[in-house]
Every structure is written in C-alpha cells, then in structure tokens.
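First up is the structure itself, then whatever we jot down about it.
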Amino acid sequence: MKKNSKKWSERFSEPTSEIVKRFTASVTFDQRLAMVDIEGSLAHAEMLKKQKIISASDFKSIAKGLNQIQKEIQSGKFKWSIDLEDVHLNIEKRLTDIVGEPGKKLHTGRSRNDQVATDMRLWLREVVDKTIAQIETLQRATLTLAGEHVMTIMPGLTHLQIAQPISFAHHLLAYFEMLERDKARFQDSYKRINTLPLGAAALAGTSYPIDRAYVAKLLKFDSVMANSIDAVSDRDFLIEFNFSVSLLMTHLSRWSEELIMWSSPFFGFIEISDGFCTGSSIMPQKKNPDVPELVRGKVARVNGHLVALLTLMKGQPLAYNKDNQEDKEPIFDVADTISDTLNIYAEMVAGITVSKESMEAAAFKGYSTATDLADYLVKKGMPFREAHGVVAKAVKYAIAQGCDLSELELKALQKFSPLIEQSIFQCLTLKGSVQSRNHFGGTSFTSVKSALKKAHQKLA
Ligand code: ARG
C-alpha cells in the first residue's frame, strides 16, 4: 500500500495511507465554503480578543492573515492541498504559514464540528436569499405574460380532457400562487437556518469564557443554538432546504410538462423562443423544447439528493459523525440546480408567444360549455342531476351532428328540455361561460384582473 509520508498527528505511529487520504478529503468540494469559513473565523477571533482569551495583537495578526488568504483565494492563487483534508485545515495551515504563532491560537475553544455547521448555515442563508429573489423574478415574468392574456380563452382540462373554458391568465396565475407558497417556505425556513452553532466546539461546549451571543451579533445570526450536541449534529436545515427545492421544482416540472404539450403541434397553443429550443441531428424540421424537458428531468436529481440527505441522517448517533461530510456535494448541487433553473425559467417564460386562435379553437371544439347549459337549466328550476342527464344527451346528439352545442338550432335544443329558450345562446359562448364564473378565485375576466392586481401588490 502506498503511504503518505506524513502522520495525521503525533498520536499516530503510521502515516495516513494515500487512498484513505483521498477517501476522507473534502477540500475538492468544500473549498466552496472558503469565504464563509473566513467570515466565521474572523468573528470567532474577534470574540476571543474581546474575552481576553487571545491578545489584541494576536487578533490583529489573525485578521491580517485571514484577509490576505481571502484575497489569495479570490484571485485563484491559493494552493489547496488534499493533504490538509478540508477547507478548514487548509485555511488554518496557511494562516500559520503567513502569521506564525498567533495563527495557532485561532482554533482555541472551537472544533471543526461547530465550525463546519456554522459555515453551512452562513452559506445556506445566502443561497436562500438568492432563491427568494429569483422566485420573484420568475413571478414577475409570469405576471407580465398573464397581463397580456386576461381575455385569452383556453380550454381548461381535467384528466387531460377538455373541461371548461378559462382565461389563460387565470391558468398562469395558478403558478404564481404555487410560487408564492414556495417563497413562503424558504422565508419561513430562514429562522431555523439563521441560528449559531459556534461555541458548541466538538459537542460539549468549551471551558473558555466565550461569548456566543457576541459572535451571533457579529455574524448577524438571529439566535444562538441552545444545545451544543444538537448544534454540531443535525443537518435538518439542509434537508428542509432540499425539500423546499424539491417542491418548487415539482411545480416547475408540472409547468414544464404543460409547456411541452402546448408547444407540440397537436396543441399549437404556444411557441417557445428559438433561443430556448434545439434541433434534431437527423430530422431537420424539429424544434425541441429541451429547456422545459430538462427542468422536468432535473427534479429527479434534486429528489435523489433529498433521499440521500434523509438517509445520511437517519442512522447517526449523536453527536457529529464524519458521515455529515456527505451533505455537501448533494446540497451544493441542489443549490446550483435551482439557481440555474429559476434563472432560465424566467427568461423562457418572458419569451413565450401565444396563439390565442389555437387556444380558443380548442376550447370551442370540446363541448366545454356543457356545464353552462346544465347550470342554465338549474337556474330555471331543474335539479342539477337531472340537468346533467339532459345535457349529456344533448352533447351526444351534437357529437353525432358534428357540431358544437351553440351551433344547434333552438328547436333542436328544446327537444331535450322545454326550459331552454333563446337566452341559452349567451351562456353557450366561450366568453359567456368564462364571464359567468365571476367570484373571488374564479376565471371571469374581472376576477382575473383583480387577482392580477393583488399579485402585483404582493411583489411590490
Ligand atoms: N470536513 C468535515 C465535514 O464536512 C469537517 C468537520 C470534520 N470534523 C471532524 N471531527 N473530523 O463535516
């Protein structure tokens, strides 16, 4: 077995084996935490100084060294080494190289266990802020499109069968509402993320006279975690974030499925702009909706990560275990995936062109106003179940005639019920049907206009 020349510490009599070093190192991926790691270290060091655990001059050297390291990392000059396992040890070693003795004092009263838990929370709260802002950008694009299509009528579907005519804007606003709830989930999770683990040290706290509240204040945490064991153990905040992304991606996946269908020539309702589609290597006529297809596909990996993180937690005894190092690659991928997805989605939605004619024609084709005929009969005194039966017969007749209900003669309609009068034709139009659903949450043009107004106010 190939061996590393260096022992992990003086406690060991043999050097770490090369394959073990590679197996246990996380620096290739956790270097992404470098900036928040430095931020956390600076606050920790400042607290050590305030509490007179280290001297003011030690703090000065540490702060100077950390600031230099920050610049080295940002400019790509920093040399990462897997011999130093992870981001924390890489930075600490470099600090000691630069400033000497004072650097060795930074880790006083701290463990990598509370350090990494703090880093993950600092990192995640930035991600959550960004996600919320990106959801709002997508919501704005959705409202712009909806604003242009309040009076565009499309067939509303249930079971993928034509059900009732609806305003296209009403359909789009359904996604706005889903995004509102997604956003609220991220906002609510913030208070569970933004609480400080530092001070928990390895698991039991520390014997130094630390001031955790001061560190929390410096790092803008809302509170300090109340139990040192819990502070270093749990990754529930990451699992919760992953779940919220899974649900958000689920909503986007349903929307994507619709965009894919609507842009197929069988529907022809919309066109996704050329920049968001690709061609086929063999069929020159093809224009494929790759972007929504990939969004639908990417939910699989996000959900996979959710299961990975849940499984990662479930068997661990308290407190910290190295298993937790496996939280990083999945959660980083979740963060990248949702960021890219939201970014591209907002632009794609902004570039959609709508064929009002195709939508209306489809709504007209599917007897979508049959319920309106039944409601008409009910308003004239017929019990709803009976009316349902009468209209079913009328629809069967119209299908045989190859026409819409509104295209039947009054006389023909009256054969199904003498209650039917000339006024029925007003109800049988697509517009009449949509307009009649005029209540809070309904699809009438006035209802949709006021929903749109409220939605804009929510984003203001
Ligand atoms: N790289 C580790 C992680 O991601 C940091 C904490 C290591 N702690 C330890 N006691 N080995 O979880």
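Since we're looking at a predicted model, the values are computed, not measured. All ligand and atom numbering here is 1-based and tracks the order in the structure.
- Distances between N or O atoms of Glu85 and those of ligand 1 include no value under 3.5 Å.
- Annotation: cation-pi pair Arg121/Phe221 absent, no NZ/CZ under 6.0 Å from the ring centroid and within 45° of its normal.
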Residue pair Asn90, Ser81: steps toward the side chain to side chain contact (heavy atoms under 4.5 Å, CB included) verdict: CA-CA 7 Å; Asn90 267 269; Ser81 156; 4.0 Å; yes

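- Without hydrogens or angle criteria, Asp114 side chain to Ser111 main chain gives a donor-acceptor distance under 3.5 Å.
- At the shortest separation from atom 6 (C) of ligand 1 among protein heavy atoms lies Tyr320 OH, 3.4 Å.
- Looking at Lys328 against ligand 1, only its side chain comes within 4.0 Å, counting heavy atoms.
- Summarising the local packing, OH of Tyr208 is surrounded by 12 or fewer heavy atoms from other residues, nucleotides or ligands at distances under 6.0 Å.
- When each atom of ligand 1 is checked for a heavy atom of Ser26 under 4.0 Å away, the hits are 1 (N).
- A salt bridge links Lys104 with Glu101; the closest basic N to acidic carboxylate O contact falls under 4.0 Å.
- When only non-hydrogen protein atoms are considered, atom 11 (N) of ligand 1 lies nearest to Arg112 NH2, 3.4 Å.
- Close N/O approach between His88 and ligand 1 is not found [any backbone or side-chain N/O within under 3.5 Å].
- The 12-atom threshold is not exceeded at NZ of Lys453, counting heavy atoms of other residues, nucleotides or ligands nearer than 6.0 Å.
- Closest to atom 9 (C) of ligand 1 among all protein heavy atoms lies Asn113 OD1, 3.5 Å.
- For the pair Asn324 and ligand 1, the shortest N or O to N or O distance does not fall below 3.5 Å.
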